[in-house]
Amino acid sequence: MRAFTHALFISQFSHVAIATPTEPRSSPGLCVKSCESSLQSLRFFDASPAASSSQQACQSRLSLSSRYLCLGLNCGEETRDQALRHLNATCYDSFGSFIPTFKTDFADEEIAGLRRIHKNDSFGPANPLDGVVIPSPEFFSVWFDTLDASEYARRHHYLYGIGVMAFWIVVAFVGVSHKAYLAISRMYCSQNRFTSVGIRSHTSSWFKRHVTIPATFGYRCAQNVWWATVPPRIQTITIVIFLLMNVIFNIHGYRIIDESLYFSTPTKQILRYVADRTGIISFANFPFIWLFGMRNNLALWLTGWDFGTYNNFHRWVARISTAEAIIHSVLYTVLIFMNGGLNYYAWWFTMWFWNAGQMATIFMCALLILSMYWIRRRFYETFLVIHIGLSILILLTMLGHVSIFNGEYDALFWAPAIIWIFDRMMRLLRIIIFNPGQWSTTALASYDDSANIIRLTVPTDAALYKPQAGNYFFLSILDDSNSWESHPFTVASISDQMLQKMEGSEESLPLLSSPVATPETHSQYTALEARKEHMTFLIRPYDGFTMRLRDMLAEEEANPRPLRILVDGPYGHTQRLHEYHRVIFIAGGSGVVVALSYLTSLCKQMETPTKIDLYWAVRESAFAKDVLSSYMLSTEVKAAIDTGRLSLQLYMSSQLESLATDTLPSRVQQHIGRPDIGSVIIAAARDTQDGNMAVVACGPAKLADDSRLAVVNALKGGNHHIDYYEESFAW
Ligand SMILES: Cc1cc2nc3c(=O)[nH]c(=O)nc-3n(C[C@H](O)[C@H](O)[C@H](O)COP(=O)(O)OP(=O)(O)OC[C@H]3O[C@@H](n4cnc5c(N)ncnc54)[C@H](O)[C@@H]3O)c2cc1C
Ligand SMILES: *[C@@H]1O[C@H](CO)[C@@H](O)[C@H](O)[C@H]1NC(C)=O
Ligand SMILES: *[C@@H]1O[C@H](CO)[C@@H](O)[C@H](O)[C@H]1NC(C)=O
């Protein structure tokens with residue numbers, strides 16, 4: 001890859017150096033600037049020695065005549081007159097007086113006799129010129145080429161900086177169009193929605209099989225490869241295109257000339273232009289790094305893609321931006337060493353903008369290293385705190401770094417800052433509308449030791465919205481020592497299903513640990529659950545937040561404990577699973593909550609009923625028992641089980657004595673070991689040949705990857721109407 005980009009660099013530059021299309025005077029602006037630059041360093045004796053060069057340009061008649069002639073000879077009369085009118089106005093603005101009348105009528109012989117200024121001529125204050133002069137054509141040309149090359153590069157800096165941002169706008173637009181297309185085809189095909197056959201379904205199946213569903217390479221997607229995760233193929237394709245675009249934008253769009261008055265050698269031109277380009281593009285990537293890292297993110301709302309997708313984009317844009325920042329810094333350092341050695345280099349450290357830039361690059365590198373998969377997984381909270389702290393430092397140092405440009409690049413500081421503030425405000429707003437006027441919400445939590453699961457019941461009656469299946473919420477516990485932590489959890493059930501369940505079966509109250517529950521427990525839960533609308537979370541304890549929560553609850557034995565919590569939600573999209581003939585949930589452990597969250601509404605839907613299969617691999621029998629007895633008792637779910645519309649397949653490590661058949665609906669099937677996801681999905685796909693089918697995976701990474709691969713194989717196997725949904729519990 002390195003050799004490749006290196007080769008690209010060389011060919012790019014040699015190509016440009018040979019084919020430089022210089023058409024001097026074609027650009028009036030550059031022509032005028034070339035005359036100004038050619039005359040800039042000269043001193044004329046009719047200006048006061050103390051005058052600045054701009055004062056001299058406004059007051060010295062010799063300077064004015066020289067400029068008049070240069071403009072007339074090189075740029076044409078129209079441009080000349082316009083430039084002088086402009087100068088006249090500027091001079092009035094700056095010094096309060098118009099330019100004096102100066103000699104403009106020069107005969108040709110007279111012009112031929114005027115002194116020509118060459119590149120090395122020096123007429124400083126020590127030996128001012130005593131007559132009108134003209135830059136030699138070569139000198140003028142060198143200036144023109146110099147300015148032209150620099151203008152050309154600058155234009156491309158700008159263009160390509162916009163380009164990397166436009167890329168994501170196009171990507172989001174594709175996402176929105178696809179969503180609109182799906183919505184429209186749903187509207188038109190609502191009568192016969194299961195029978196879209198023909199070329200369209202074949203192309204869409206090909207696309208799903210080869211582009212949208214598979215892992216980038218074969219199998220691993222949710223699981224890590226070495227110390228990283230590889231996104232699904234469609235995301236990888238997007239990221240690779242973006243990467244290539246960044247590479248091209250960094251090496252294309254330069255005019256390298258043999259002789260430049262700004263740079264002594266072509267190497268320095270390359271160094272300087274590429275350094276500027278990488279710096280600008282790196283910074284131009286900032287707004288999207290921030291946007292894609294936010295929970296409340298406009299792109300996510302528009303496209304309907306999940307947070308995990310944007311999180312992958314977030315990481316890759318950040319990596320590319322950091323690489324560009326490093327190149328920017330290294331090239332500037334090399335350039336400075338070439339220009340003035342160590343002492344000159346040391347001098348740059350006396351400037352704040354320089355130091356700020358150095359710090360920004362260092363912070364970006366640190367941030368990248370400290371976001372490694374391993375650190376993210378092992379020390380999530382530490383990762384998060386460092387991530388936020390360093391991001392703030394990077395934004396501030398970048399603002400300092402671009403302070404020398406008088407605000408030209410400040411928008412790239414403000415955009416991320418505003419995106420960030422917007423996200424925080426939205427979180428606050430979401431917390432407020434969940435329980436207006438109250439701020440925090442009192443939830444009931446209990447921990448069941450044998451099931452190793454925490455159950456959290458949150459009243460939702462005050463909320464200004466109604467939680468939907470598949471939603472997840474970020475919960476903070478104010479009674480916890482780290483009350484600022486917030487963690488995502490999927491809603492396992494939403495109250496009306498509970499209420500109906502209680503109507504249906506008086507004797508089995510929705511208690512996690514019914515056998516040990518004391519009467520008070522009963523009354524507390526029933527009081528909450530019967531009176532108020534609520535939602536329930538099932539939380540598996542791990543090492544951090546969830547472990548502290550467990551410890552807090554373990555002291556209370558089985559009694560539910562009231563907890564003050566903040567509820568930031570709802571997030572996540574409710575998938576339109578009811579539109580499928582058949583839905584297969586592949587769940588592992590606590591991942592079953594995703595299936596639970598959809599079950600009731602799926603079972604409720606009566607016209608064109610969806611057939612549902614739940615394959616659930618679970619280690620703790622007590623957990624399995626609890627879920628089956630507490631969350632699958634609504635009349636609809638029971639009816640669905642009884643009629644065979646809902647099939648439940650439990651996979652446990654050993655047969656469960658305690659899961660006595662009387663407590664279980666008879667149709668629940670128990671298996672030992674792990675489900676063979678491949679054959680399960682292939683068989684279901686064959687069964688559902690004429691209809692469409694959704695596979696929803698939620699659980700450990702391996703289970704998700706198995707499901708993904710199985711769906712790809714089933715699509716190859718001939719059923720073209722399979723969609724795959726993965727609800728990941730880790731980003
Ligand atoms: C969309 C979504 C829905 C989820 N729903 C449920 C659910 O219904 N039930 C359930 O038991 N678990 C759920 N999880 C997982 C749950 O969020 C984590 O287990 C929990 O955050 C771990 O906290 P901890 O401090 O104890 O973790 P640690 O032991 O410190 O870490 C365990 C793992 O969780 C990850 N993690 C930690 N904090 C976060 C965070 N704030 N955001 C994302 N990942 C994190 C870590 O990377 C690590 O891999 C869900 C996760 C996501 C992303
Ligand atoms: C400068 O502008 C003023 C006001 O428009 C005008 O009177 C004057 O002639 C101009 N000078 C020259 C040299 O054009
Ligand atoms: C200008 O000076 C440099 C050295 O300082 C010399 O190499 C070059 O040939 C000179 N150019 C002209 C046009 O005299």
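Below, all heavy atoms of this structure are taken into account, side chains as well, without hydrogens, waters or symmetry copies. Just so we're clear, the structure is a prediction, and the values are computed from it rather than from any experiment. As the structure lists them, so they are numbered: ligands from 1, and atoms in each ligand from 1.
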Going by atom types alone, do [X] and [Y] pair a side-chain donor with an acceptor below 3.5 Å?
X	Y	value
D306	T309	yes
H387	S371	yes
S446	D448	no
E485	N482	yes
N296	Y571	yes
T236	T216	yes
N224	T229	no
Y724	R708	no

Can you check whether [X] has an N/O within less than 3.5 Å of an N/O in ligand 1?
X	answer
P488	yes
T546	yes
A730	no
F474	no
E381	no
S728	no
T490	yes
H487	yes
V593	no

Quick one: sort the [X] and [Y] rings into parallel, tilted or perpendicular, breaks at 30° and 60°.
X	Y	result
F313	Y310	perpendicular
Y465	F434	tilted
Y380	F383	tilted

Compute both the distance and the angle, then confirm whether R295 meets the cation-pi test with F474: under 6.0 Å from the six-membered ring centre, within 45 degrees of the axis.
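Here R295 passes the 6.0 Å and 45° test against F474.
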Provide, to 0.1 Å, the distance between [atom] and the closest protein heavy atom, together with that atom's residue and name.
atom	value
atom 15 (C) of ligand 1	F729 O, 3.6 Å
atom 47 (O) of ligand 1	R376 O, 3.3 Å
atom 19 (O) of ligand 1	Y542 CD1, 3.5 Å
atom 18 (C) of ligand 1	F489 CE2, 4.6 Å
atom 30 (O) of ligand 1	G544 N, 3.9 Å
atom 49 (O) of ligand 1	R377 CD, 2.9 Å
atom 29 (O) of ligand 1	D543 N, 2.8 Å
atom 25 (O) of ligand 1	F545 N, 2.8 Å

Would you confirm whether the ring centroid of W374 sits within less than 6.0 angstrom of the ring centroid of F379?
yes
State yes or no: are the ring centers of F623 and W616 separated by less than 6.0 Å?
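Distance test on ring centres: under 6.0 Å, yes.
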Using a 3.5 Å cut-off on N/O to N/O, what pairs does ligand 2 make with the protein? A line per pair would be great.
residue: ligand 2; atom: 2 (O); partner: N88; partner atom: ND2; Å: 2.2
residue: ligand 2; atom: 11 (N); partner: N88; partner atom: ND2; Å: 2.9

Between R548 and D480, does a salt bridge (Lys or Arg N to Asp or Glu O under 4.0 Å) hold up when you go through it step by step?
CA-CA 8 Å; R548 287 196 310 279; D480 180 31; 2.9 Å; yes
Below 4.0 angstrom from a heavy atom of L538, which ligand 1 atoms are there? Numbered from 1 as shown, please.
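Listed by number with element, the hits are 7 (C), 8 (O), 9 (N), 10 (C), 11 (O).
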Please could you name the atoms of ligand 1 that I539 approaches to less than 4.0 Å, counting only its heavy atoms?
11 (O)
Nearest protein heavy atom under 4.0 Å from atom 33 (C) of ligand 1, yes or no
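Looking at atom 33 (C) of ligand 1, one finds that no protein heavy atom lies closer than 4.0 Å.
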Strictly inside 4.0 angstrom of atom 13 (C) of ligand 1, do you find any protein heavy atom?
yes
Taking SG to SG, are C91 and C58 separated by less than 2.5 Å?
yes
Test side chain to side chain contact (heavy atoms under 4.5 Å, CB included) on V592 and F585; report intermediate values, then the result.
CA-CA 8 Å; V592 75; F585 291 100; over 6 Å; no
Close approach, S486 and ligand 1, non-hydrogen under 4.0 angstrom:
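Under 4.0 Å: yes for S486.
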Best match, F383, Y472, Y380: closest heavy atom to atom 45 (C) of ligand 1:
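Closest candidate by heavy-atom distance is Y380.
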